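To start, the structure under review is shown below, and the notes come after it.
The chains referred to below are lettered A, B, ... by the order of the sequence lines, with proteins before strands, and numbering in each begins at 1. Computed from a predicted structure; not experimentally measured.
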Amino acid sequence: MAKCTVKLTVLVLSLSSLAACSSDGAGPAEEQAPSLVVSTSPAGFPKGSNVELAPADNALTLDRATLGKRLFYDPRLSRTNEISCGSCHQQAYAFADPNAISTGVEGRTGTRNAPSIVNAAWGKSFFWDGRAHTLEEQAGQPIENPLEMDLTLSDAVTRLAADSSYVAAFEQAYGELPSESSLQKALASFVRSLVSGSSAYDRHLRGDDSDFGPQRKRGEALFLSEKAECFHCHPSGSLSNEGYFNNGSYTAGGDTGRERVTGRVGDVGKFKVPGLRNIALSAPYMHDGSVPTLEAVIEQYDAGGRGDRATDPLIKPMALTSEEKADLLEFLRSLTDEALLQDARFAP
Amino acid sequence: MKLRLLLPLSLGMGVVSGAFACSSAQPVAAGGAAGFASASLGGMSNLAGAGGANAGGASAGGVNAGGAGAGAAQSACPEQATPQQTQGALLSLSLQLVMAGKPFAFGQPNVLPDGGSLVPLNFRFYISEVQLLASSGDPVGVDLVTAAGVAEPYGVHLFNAEDDDSRSFRVLAPAGDYTGFKFALGIKLACNQQRPASLSDPLTDNSQMTWPHTGGFLFLRYEGRYTAADGSPNAPSDLPPVVHMGGSIEKEFVPHVTVQGAFSIPANGTLEKRLSVAMDEIFKGASADIDVSDVAVGLLSTPESIAGERLRRDLPDRHVFVLEP
């Protein structure tokens with residue numbers, strides 16, 4: 001393997017300078033070293049760090065991410081005060097939900113699996129059907145969804161405005177009282193701070209194969225080959241091309257996914273390609289949580305999907321051997337970032 | 001390996017008739033096995049100076065070298081190149097998909113002459129190295145720019161049928177009379193040798209145009225679903241369901257397309273023209289009776305890559321891009 005040139009781009013943010021330079025009402029400077037916001041990029045991801053990719057009107061600062069984290073874990077953002085964002089995006093499961101379909105207020109259930117939100121800073125669209133174009137736009141929808149938190153953003157702001165500590169935090173972060181816009185921005189800021197890049201695969205990409213042995217390498221080679229064809233949607237590095245594809249999970253009469261957004265017949269059964277960091281932790285799988293294990297995922301792809309005509313033409317039976325399946329599984333397990341699960345910065 | 005000969009396209013469209021102008025293309029390199037991308041993960045040595053592996057530290061989240069080491073190779077594929085033109089008018093070319101002379105709707109069923117229907121699921125390609133052809137016969141290099149007149153990164157435009165905003169490409173052109181223009185249907189070698197993780201859009205993995213690891217970029221990607229009149233899924237052999245064109249990272253491989261058609265660029269403002277993209281011509285090329293067995297190894301051994309290579313070689317005889325009057 002070519003010798004890697006190490007160039008650290010981790011930037012410990014100078015909050016005082018950020019605040020000084022901010023043109024969107026960022027609050028006063030903080031002096032302590034930040035812990036939650038680190039400008040970083042996992043190996044192989046598209047150019048730009050999580051901080052650099054934040055929109056100009058919501059620069060990623062510690063104040064904002066810290067406020068967002070508090071909001072993320074606050075059940076007061078649900079009508080019944082029982083559900084928070086963290087109820088369905090659990091750190092122990094790489095910020096995904098171990099249930100096939102998440103449970104909202106009063107036991108209501110939706111139709112889709114809550115995906116991991118790690119490394120969403122590099123996302124181009126959000127939700128399984130890509131209906132949100134920004135994290136800020138995404139952040140408000142689960143709060144207002146009747147099957148999830150069932151609280152209008154207006155009511156959420158009223159609740160926050162009645163809490164003096166929140167008022168102070170919003171003023172610190174955004175220089176204003178709580179608003180629908182700043183609520184969504186703060187949540188987006190916390191999500192933007194959730195970066196996972198310390199898996200064995202990440203270390204492998206950085207030239208350290210100490211935990212990336214022969215079986216994982218065979219699995220990676222197969223993953224990137226024209227036999228398995230995984231790379232067409234999950235390219236090396238980020239492991240998502242941010243596109244929409246029908247991967248064979250759709251069956252007639254089911255959730256039509258992207259088609260609901262575009263109205264295009266060709267988009268029936270297409271769903272957004274997820275990144276695969278920590279995939280071993282985020283079972284069950286697919287947009288509806290209908291595949292319980294990674295082994296079952298591999299079996300489904302090996303069979304060429306579930307047989308619906310709308311399946312992408314690149315999804316075909318593969319006739320993988322048992323050894324190849326084991327290699328793929330081991331490669332997928334190499335994507336687990338144990339440090340993420342224990343990272344106190346992201347915990348409630 | 002000797003490839004199976006395919007039947008010529010039988011959709012009955014032929015070359016777009018009555019067209020105001022026609023196009024032709026010339027692959028820079030006609031092939032040869034040595035230069036093709038390999039599925040092997042050990043192919044990194046092919047990318048001399050192209051950035052190598054991403055590097056990083058042990059801090060939370062890990063880090064990315066962000067193109068460290070790209071050096072000389074990246075300098076030949078700069079994100080922001082020195083403009084070739086600094087004044088003039090915008091020539092805006094709106095790409096319209098057609099088949100058999102009729103509009104071809106992306107993502108929707110298109111009825112074909114044989115009674116079947118075709119739903120295109122994915123269609124995208126790169127355009128770069130645009131040159132206008134002056135009346136004198138001299139080529140005039142121009143820059144691809146956005147609607148706001150800002151240079152497109154790397155001098156590359158990605159047409160993505162899913163994205164309406166990508167359906168037009170624009171160049172800043174000096175005033176004058178022209179007989180046509182030419183462009184690369186893909187990206188030049190210096191860009192093709194870069195690693196996506198060190199680049200910005202449209203040369204990232206998000207383009208959906210990347211080969212694994214060291215394989216460079218696709219130049220053109222098409223996927224579609226055909227349904228015969230009787231409801232069966234079996235497409236005729238001259239209607240490939242998948243076409244992936246591209247493949248070499250060791251030599252200039254990108255085909256250049258010439259589009260004939262007179263137009264005059266004013267001193268300022270915007271000249272808007274329509275450029276048809278004949279899907280039937282693409283399918284003809286992709287299913288042409290061309291032996292590509294000399295390169296049908298590694299990634300190129302797949303049906304989609306073979307179709308792509310046939311298209312690349314057949315472009316000189318195709319009229320894919322037609323400038324509307």
With no hydrogens and no angle check, just 3.5 Å: does a side-chain donor-acceptor pair link A:Arg309 and B:Thr227?
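Side chains of A:Arg309 and B:Thr227: pair found under 3.5 Å.
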
Roughly how far apart are [X] [atom1] and [Y] [atom2], rounded to 0.5 Å?
X	Y	atom1	atom2	result
B:Asn206	A:Glu242	CG	CD	5.5 Å
A:Thr262	B:Phe106	OG1	CZ	9.0 Å
A:His232	B:Gln208	NE2	CD	11.0 Å

If you tally heavy-atom pairs under 4.5 Å against chain A, which of [options] wins?
options	answer
B:Pro241, B:Pro109, B:Pro120, B:Ser207	B:Pro109
B:Arg221, B:Glu223, B:Arg225	B:Arg225
B:Ser200, B:Gly107, B:Gly224	B:Gly107
B:Val119, B:Leu203, B:Asp205	B:Asp205

What part of [X] gets within 4.5 angstrom of chain B, counting heavy atoms only: side chain, backbone, both, or neither?
X	result
A:Ser199	neither
A:Phe245	side chain
A:Glu229	side chain

Only counting residues at least two apart or in another chain, list the ones meeting side-chain contact (heavy atoms from CB on, under 4.5 Å) with A:Leu341.
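Per chain and number, A:Leu341 pairs via side-chain contact (heavy atoms from CB on, under 4.5 Å) with A:Leu281, A:Glu338.
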
Is the side chain of A:Lys270 donor-acceptor paired with the backbone N or O of B:Leu121 at a distance under 3.5 Å, no angle test?
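Checked: pair present.
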
Restricting to side chain to side chain donor-acceptor pair (under 3.5 Å), what partner residues turn up for B:Asn110, sequence neighbours left out?
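By the side chain to side chain donor-acceptor pair (under 3.5 Å) rule, B:Asn110 matches no residue at all.
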
Can you give me the closest heavy-atom contact between B:Ser305 and A:Glu226, atom names plus distance?
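What the structure gives for the nearest pair is OG-OE2, 4.5 Å.
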
Side chain to side chain, B:Asp201 and A:Lys124, heavy atoms closer than 4.5 Å:
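Of all side-chain heavy-atom pairs linking A:Lys124 with B:Asp201, at least one is under 4.5 Å.
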
B:Thr204 versus A:Lys47: any side-chain heavy-atom pair under 4.5 Å?
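With C-beta onward as the side chain, the pair stays apart.
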
Salt bridge check, A:Arg258 against B:Glu162: does any charged N sit closer than 4.0 Å to a carboxylate O?
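No.
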
